[in-house]
Amino acid sequence: MTEVVTYREALAESMHNALERNDNSVIFGQGVDDFKGTFGTTLGLAEKFGAQRVQDVPIIEEGITGICMGAAMNGLRPIHVHIRADFLFLALNQVLNMAAKYKYMFGGHHQVPIFIRAVVGRSWGQGAQHSQSPQSLLSHFPGLKVIMPSSSQSILESYEYLLNEYNSPVVSLEHRLMYDLNFDVDRAALRKGEQSLASYVAREGTDITIAATSIMVLEALRAAKHLEQFGVECEVIDLHCTSDIMEEVVLASVEKTGRLLVADTSWLKFGTCAEVTRLVCGNIPHPL
């Protein structure tokens, strides 16, 4: 049995559940406690759980990320919200040089369960500095998990695992154009644990494989529906976790269809498209 849940509602539910289920969960971010509540995803949480656990922050991205890191290393599970992914660039020293490396530098004795939400995608007049998609850049660094939820179902299942069980740094890139979209959710079919991060076949087909991320999964499914009228059956793969693409899923599909199209929102050079193409053309193990 399915129910209709918007992308925004799935995010709001995940934020609420994280705070309700774990007293050590906290949310930091610009505007998380105001009347907009980060596009409606944190509305009412400060009133219910208190200002100490849901805090607005000043515009000092690197400093706040450092505070979240320290909190994570001392027993808290901070959720740090960036209303634009571009602002995350100011905190990359903390994220890439510190949070992502501590597990390796200290022999696994330090865990850094920091969960970073960052919004990508265009809207009104965003401009060159407010519309970038850094998934390829972030996915390049060991120790950092990067996901791009394409539906309410993928939010509910992957956030459940990452916010409550996973103990290393995560960046989730949420697409702003999907917040108001409706999705069918089958709660009985929610994937659990590590499986919630896996790439998966969103639509089966025989003629061409379309490997996609984020909102491009929806565009791929729409294109597949159109091409079906002309006898072309597209197989659509949701890559979902760009830092850990399930190569066996992609390779099995391409072996079946014999054709590959990669759809991603980031830059063409040195990007997700290039990595998927490398996996298929080289047919070699994906580096850890």
Side-chain angles (χ1 to χ4, degrees), residues 1-11 39-41 85 118-124 126 131-136 146-159 172-187 189-191 196-242 245-246 249-268 271-277 279-280:
M1 182 176 180
T2 63
E3 61 182 284
V4 176
V5 180
T6 68
Y7 199 84
R8 183 195 318 278
E9 289 169 342
L11 288 167
F39 306 112
T41 65
V119 181
V120 297
R122 65 177 178 83
S123 62
W124 51 269
Q126 291 296 313
S131 57
Q132 301 175 90
S133 295
Q135 56 265 29
S136 301
V146 182
I147 64 170
M148 302 187 74
S150 66
S151 68
S152 299
Q153 183 102 4
S154 63
I155 289 170
L156 292 173
E157 57 192 13
S158 57
Y159 276 41
S172 177
L173 300 176
E174 305 163 3
H175 203 288
R176 73 176 73 244
L177 291 183
M178 290 198 286
Y179 278 89
D180 290 320
L181 298 184
N182 292 321
F183 294 90
D184 290 330
V185 169
D186 183 355
R187 293 184 183 271
L190 291 176
R191 298 181 297 170
S196 68
L197 307 182
S199 307
Y200 66 95
V201 176
R203 183 188 192 277
E204 293 189 355
T206 55
D207 297 316
I208 184 172
T209 297
I210 306 178
T213 63
S214 187
I215 197 170
M216 296 310 294
V217 175
L218 307 187
E219 296 293 351
L221 290 171
R222 186 169 66 161
K225 185 176 181 180
H226 175 72
L227 290 171
E228 186 179 23
Q229 304 174 63
F230 304 96
V232 179
E233 293 294 338
C234 302
E235 182 144 296
V236 178
I237 295 176
D238 184 346
L239 298 175
H240 186 49
C241 184
T242 55
I245 294 170
M246 303 290 289
V249 175
V250 178
L251 292 175
S253 178
V254 174
E255 184 177 352
K256 177 175 65 174
T257 66
R259 298 176 180 85
L260 172 67
L261 172 67
V262 189
D264 181 57
T265 59
S266 191
W267 302 283
L268 188 62
T272 303
C273 295
E275 174 63 9
V276 175
T277 303
L279 287 173
V280 173

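Residues take their numbers from the sequence shown, with the count starting at 1.
Judged as a ring-ring contact (aromatic ring centres under 6.0 Å, His included), not a single pair has a partner in residues 198-222 (not counting sequence neighbours).
A distance of 11.5 Å separates CZ of R176 from CZ of R8, quoted to the nearest 0.5 Å. From L181, atom CG reaches atom CD1 of I215 across 6.5 Å, with rounding to the nearest 0.5 Å. Taken from OG1 in T206 to CD1 in I208, the straight-line distance is 11.0 Å, to the nearest 0.5 Å. Interatomic distance, L177 CG to L218 CG, rounded to the nearest 0.5 Å: 10.0 Å. The line from OG1 of T277 to CG of L261 is 9.5 Å long, rounded to the nearest 0.5 Å.
Pairing each heavy atom of V4 with each of E9, the nearest pair is O-OE1, 4.3 Å. Of all heavy-atom pairs between W267 and S133, the closest is CZ3-O, 3.6 Å. Summarising the geometry of S214 relative to H175, their closest heavy-atom pair is OG-CB, 3.6 Å, with the distance given to 0.1 Å. Closest approach of V250 to I237, counting heavy atoms only: CA-CD1, 3.8 Å. Considering all non-hydrogen atoms of both residues, L251 and V280 come closest at CD2-CA, 3.7 Å. Considering all non-hydrogen atoms of both residues, E174 and Y159 come closest at OE2-OH, 2.6 Å.
Donor-acceptor pairing under 3.5 Å is recorded for the side chains of E235 and S253.
The side chain to side chain donor-acceptor pair (under 3.5 Å) check on R259 picks up nothing, with sequence neighbours excluded. Residues that satisfy the ring pair (Phe, Tyr, Trp, His ring centres under 6.0 Å) test with F39, not counting sequence neighbours, are Y179. Under the rule for a side-chain contact (heavy atoms from CB on, under 4.5 Å), the partners of A198 that lie at least two apart in sequence or sit in another chain are R191, Q195, M246. Residues meeting the salt bridge (charged side-chain N to carboxylate O under 4.0 Å, His left out) test with E204, sequence neighbours left out: none. Legend: residues meeting salt bridge (charged side-chain N to carboxylate O under 4.0 Å, His left out) with K225, ordered by chain and number and at least two apart, are absent. By the side-chain contact (heavy atoms from CB on, under 4.5 Å) test, Q153 is found to be paired with S151, E157, V185, D186, A189, L190, residues two or more places apart in sequence or in another chain being considered. With sequence neighbours excluded, the residues forming a side chain to side chain donor-acceptor pair (under 3.5 Å) with T41 are R117, listed by chain and number. Scanning for side-chain contact (heavy atoms from CB on, under 4.5 Å) contacts around A85 gives A118, V120, P134, L173, with sequence neighbours left out. For the side-chain contact (heavy atoms from CB on, under 4.5 Å) test, residues two or more places apart in sequence or in another chain that qualify with T213 are Q135, M148, L239, T242, D264, T272. The side chain to side chain donor-acceptor pair (under 3.5 Å) check on S266 picks up nothing, with sequence neighbours excluded. By the side chain to side chain donor-acceptor pair (under 3.5 Å) test, S158 is found to be paired with no residue, residues two or more places apart in sequence or in another chain being considered.
No donor-acceptor distance shorter than 3.5 angstrom exists from the side chain of S150 to the backbone of V217, with no hydrogens or angles considered. Remark: side-chain polar atoms of E233 are not paired, donor with acceptor, to backbone N or O of G205 under 3.5 angstrom.
Residues T257 and D207 fail the side-chain proximity criterion, which asks for heavy atoms closer than 4.5 Å. In this structure the side chain of F183 never reaches within 4.5 angstrom of the side chain of S154, judged on heavy atoms.
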